[in-house]
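Values below: all heavy atoms of this structure, side chains included; hydrogens, waters and symmetry mates excluded.
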Amino acid sequence: MIPEEKKEYYKKLWHSASHVLASAVKELWPDAKLGIGPPIKEGFYYDFDVKEPFTQQDLERIEKKMQEIIDRKERFIRKEISREEAEKLFKDEPYKLELLREIKGPITIYQNGNFIDLCRGPHVDNTGEIKAFKLIRTAGAYWRGSEKNPMLQRIYGIAFPSKQELDAYLKKLEELGERNHIKLGKQLGIFSIHEEAPGFPFFLPKGAIIWDEMIKFLKKLHIAEGYKFVRTPIIMSKELWVRSGHWDHYRQNMYFTQADDRMLAVKPMNCPGHILIYKEKRHSYKELPIKIAEFGIVHRLERSGVLYGLIRVRKFTQDDAHIFCTEEQLKDEIIKIIKLTDKIYKTFGFEDYSMELSTRPEDSMGTDEQWEHATNALESALKELKIDYKINEGEGAFYGPKIDFHIKDALEREWQCATIQVDFSMPEKFDLYYIGPDDKKHRPVMIHRAILGSIERFMGVLIEHYGGMFPTWLSPVQVRVMPITDRNLEYAKAVLEKLRESDIRAELDSRKETLPKKIREAQLEKIPYMLVIGDNEQKEGSVTVRTRKGVIKKSVKLEEFLSLIKEEIESRALELSIK
RNA sequence: GCCCAUGUAGUUCAGCGGCAGAACGCCACACUGGUAAUGUGGAGGUCCCGGGUUCGAAUCCCGGCAUGGGCUCCA
């Protein structure tokens with residue numbers, strides 16, 4: 001959205017705008033204590049400790065005051081000062097003093113008008129450079145992100161060097177709202193969320209069709225790669241989770257239940273179940289790698305405040321698999337997973353994704369040596385494929401390091417989906433082994449991997465990515481047949497029958513409504529193809545095709561249309577074949 | 001979990017102390033129609049739940065639940 005080469009300037013502009021915001025708030029609420037006010041990916045914010053949260057009216061007042069400061073064209077003046085001076089200067093700003101204590105190098109401040117902030121900079125020359133800005137929203141935010149700290153009031157805003165850019169940005173925001181998966185999901189009858197089941201979305205008939213198509217596609221590719229599909233129970237004994245380490249590290253996110261005086265846990269992950277299957281028999285090195293896959297339903301007790309549509313839920317279905325292999329096979333297996341992921345993402349239309357490598361967190365199990373080994377395997381796979389990646393120190397799972405894939409949707413927002421996690425500790429905890437060529441027991445390595453991550457989340461991302469216009473292979477209704485009058489009904493039914501014989505999801509709109517109305521409704525439902533059937537078509541045994549993009553092709557032979565759409569569905573094409 | 005906002009017909013929303021409203025959808029009737037809304041009529045409500053203030057509460061106050069925007073965590 002913001003061009004790469006301009007980013008530096010925008011960062012400066014936004015940072016400056018956040019100072020203007022703070023100046024305005026300080027003028028209006030002299031008692032407000034300042035938190036921090038950085039530029040972010042899009043825009044800026046500033047945190048304030050105030051007695052009352054800001055209201056919408058407050059925002060308008062602040063905007064007016066900011067405009068005054070901008071009109072004054074106040075210069076941003078940088079100064080380097082001593083620690084003593086700084087402590088004196090910020091003696092009434094407890095949060096600034098806290099920051100000050102952590103600064104090692106030289107202390108710099110920026111001043112515009114009477115407002116002074118502890119700041120590394122850089123800034124634009126003067127406040128007048130902010131030609132257009134808007135305060136977007138307020139939110140509560142903990143000081144330094146920790147709920148142990150007091151909650152401050154955050155104001156988010158955006159600024160641009162021209163009014164046009166601001167308008168374009170606001171328009172984009174509006175568009176984004178139109179593509180919101182919750183809104184579209186409801187409009188299109190894909191899923192629903194009920195008060196009675198917070199965090200547990202319902203999939204409606206149309207959503208279920210999309211779901212099944214996704215699964216069918218994934219299954220086919222996985223089977224070709226040697227994965228074996230299983231189904232494991234959702235509830236298993238507590239002891240299993242104690243042994244796996246989830247009890248120690250993940251208990252606060254798990255659901256528990258009880259039966260026969262025994263404590264049971266609802267699985268938050270599928271690995272222990274798959275491990276039990278692995279352990280059912282002895283394995284030879286010749287069998288490895290063993291790939292156990294499952295569309296596994298997991299429940300995680302997420303905190304109520306974080307739930308969001310399909311993106312963040314309490315029950316979700318992972319396209320999960322566990323690969324049991326030797327250390328030597330590790331790198332190749334990781335490479336295969338990366339390639340499979342790439343293929344799947346491209347089919348769904350995600351060309352652009354980034355990868356991140358996460359290393360050992362504080363709350364973790366296993367030895368330093370195991371962690372190093374596992375991390376190296378992931379890193380060398382990435383290097384061999386010449387993939388750029390970012391390192392997230394300390395962000396790994398408690399049982400091992402991981403690679404995460406972040407896909408970008410049509411609106412350039414990033415979502416974490418695939419994950420590949422190497423695990424040396426679980427095989428040890430469960431005493432897994434295989435018999436090597438030396439006729440001795442050896443410890444296998446385990447890879448946890450998911451490609452869509454959560455089917456629910458991925459479907460949410462897909463809805464937004466496509467803006468509700470699913471490619472034909474995923475569309476719940478692929479064709480709607482629309483007779484113009486009752487005279488054409490019989491022929492329309494014959495067309496419908498033909499389509500259905502070819503397993504095309506077709507519907508007949510035989511209502512006594514006008515054609516424009518039928519078309520309008522099919523458009524709103526984003527049905528890829530509409531077949532208009534009138535006297536002309538009936539006479540020549542053809543159909544008139546209208547696509548949801550508004551392209552009209554008259555008198556197409558039914559057979560021709562059939563072969564086009566069949567090929568389109570078969571190849572899982574992203575674009576409609578009639579353009 | 002915490003801060004803020006929101007919760008009214010199937011849907012989108014207006015009303016904000018004094019008779020429960022609109023549009024779309026739904027049902028009925030008429031219209032047999034050519035590429036984004038044919039016309040007329042009708043039915044449809046626990047105003048999220050519980051308590052309080054008031055002669056009177058959808059509206060004001062308190063508590064709860066849910067959803068959304070954030071904080072934190074993560075798929």
**Prompt:** Using a cut-off of 4.0 Å on non-hydrogen atoms, how would the nucleic acid contact of A/F458 be classed: base, sugar-phosphate, or nothing?
**Reply:** nothing
**Request:** Please work out if A/V313 contacts a base, only the sugar-phosphate, or nothing of the nucleic acid, heavy-atom cut-off 4.0 Å.
**Result:** base
**Asked** If you measure from the P atom in B/A43 to the same atom in B/G21, how many Å do you get, rounded?
**Response** 13 Å
**Prompt:** Counting any heavy atom closer than 4.0 Å, what does A/L307 reach on the DNA or RNA strands: base, sugar-phosphate only, or nothing?
**Reply:** sugar-phosphate
**Atom-to-atom span, CD of A/E456 to C1' of B/A75 - whole angstrom** = 10 Å
**Any N/O donor-acceptor pair, A/E302 side-chain to B/A75 base, under 3.5 Å** = yes
**Message:** If I take atom CZ in residue A/R137 and atom C1' in nucleotide B/A5, what distance separates them, rounded to the nearest angstrom?
**Reply:** 12 Å
**C1' spacing across the pair B/U8 / B/A22, given as an integer number of angstrom** = 12 Å
**Request:** Determine: side-chain N/O of A/R303 to OP1/OP2 of B/U72, distance under 4.0 Å, yes or no.
**Result:** no
**Request:** With A/F295 as reference, evaluate A/F229, A/Y227, A/F316 under the ring-ring contact (aromatic ring centres under 6.0 Å, His included) test and give the passing residue.
**Result:** A/F229
**Request:** Tell which nucleotide pairs with B/A30, taking only Watson-Crick or G-U wobble pairs whose two distances are both under 3.5 angstrom.
**Result:** B/U38
**Request:** May I ask you to say what A/K518 touches in the nucleic acid, namely base, sugar-phosphate or nothing, with a heavy-atom cut-off under 4.0 Å?
**Result:** nothing
**Message:** Rounding to an integer number of angstrom, what distance separates B/A9 and B/C62 when you compare their C1' atoms?
**Reply:** 29 Å
**Message:** Are A/F48 and A/Y46, when compared by the centres of their aromatic rings, separated by less than 6.0 Å?
**Reply:** yes
**Message:** Using a 4.0 Å heavy-atom cut-off, does A/R546 contact any base of the nucleic acid, only the sugar-phosphate backbone, or nothing at all?
**Reply:** base
**Prompt:** Which is true for A/Q416 with a 4.0 Å heavy-atom rule: it touches a base, it touches only sugar-phosphate, or it touches nothing?
**Reply:** sugar-phosphate
**Message:** Any base atoms under 4.0 Å from A/G145, or only sugar-phosphate, or nothing? Heavy atoms, all strands.
**Reply:** sugar-phosphate
**Item:** Whole-Å gap separating C1' (B/G69) and CD1 (A/I158)
**Value:** 16 Å
**Prompt:** From B/A66, B/U35, B/G34, pick the nucleotide closest to the side chain of A/N536?
**Reply:** B/G34
**Prompt:** Do A/R154 side-chain and B/C3 base share a donor-acceptor contact under 3.5 Å?
**Reply:** no
**Integer angstrom distance from the C1' of B/G45 to that of B/A14** = 15 Å
**Request:** Flag the pair A/W241 / A/F256 as yes when their ring centroid distance falls below 6.0 Å, and as no otherwise.
**Result:** no
**Prompt:** Within this structure, what is the CG-to-C1' distance between A/D535 and B/U35, rounded to whole angstrom?
**Reply:** 16 Å
**Request:** Look at all strands and tell whether A/G550 reaches a base, only sugar-phosphate, or nothing, counting heavy atoms closer than 4.0 Å.
**Result:** nothing
**Prompt:** How many Å lie between CG on A/D49 and P on B/C2, as a whole number?
**Reply:** 19 Å
**A/Y45 side-chain N/O to B/G69 phosphate OP1/OP2 under 4.0 Å** = no
**Message:** Over all strands shown, is A/E52 touching base, sugar-phosphate only, or nothing at heavy-atom distances under 4.0 angstrom?
**Reply:** nothing
**Asked** Expressed in angstrom and rounded to an integer, what is the separation of A/F316 atom CZ from B/C74 atom P?
**Response** 13 Å
**Request:** Could you tell me the separation between the CZ atom of A/F54 and the C1' atom of B/C3, rounded to a whole number of Å?
**Result:** 13 Å
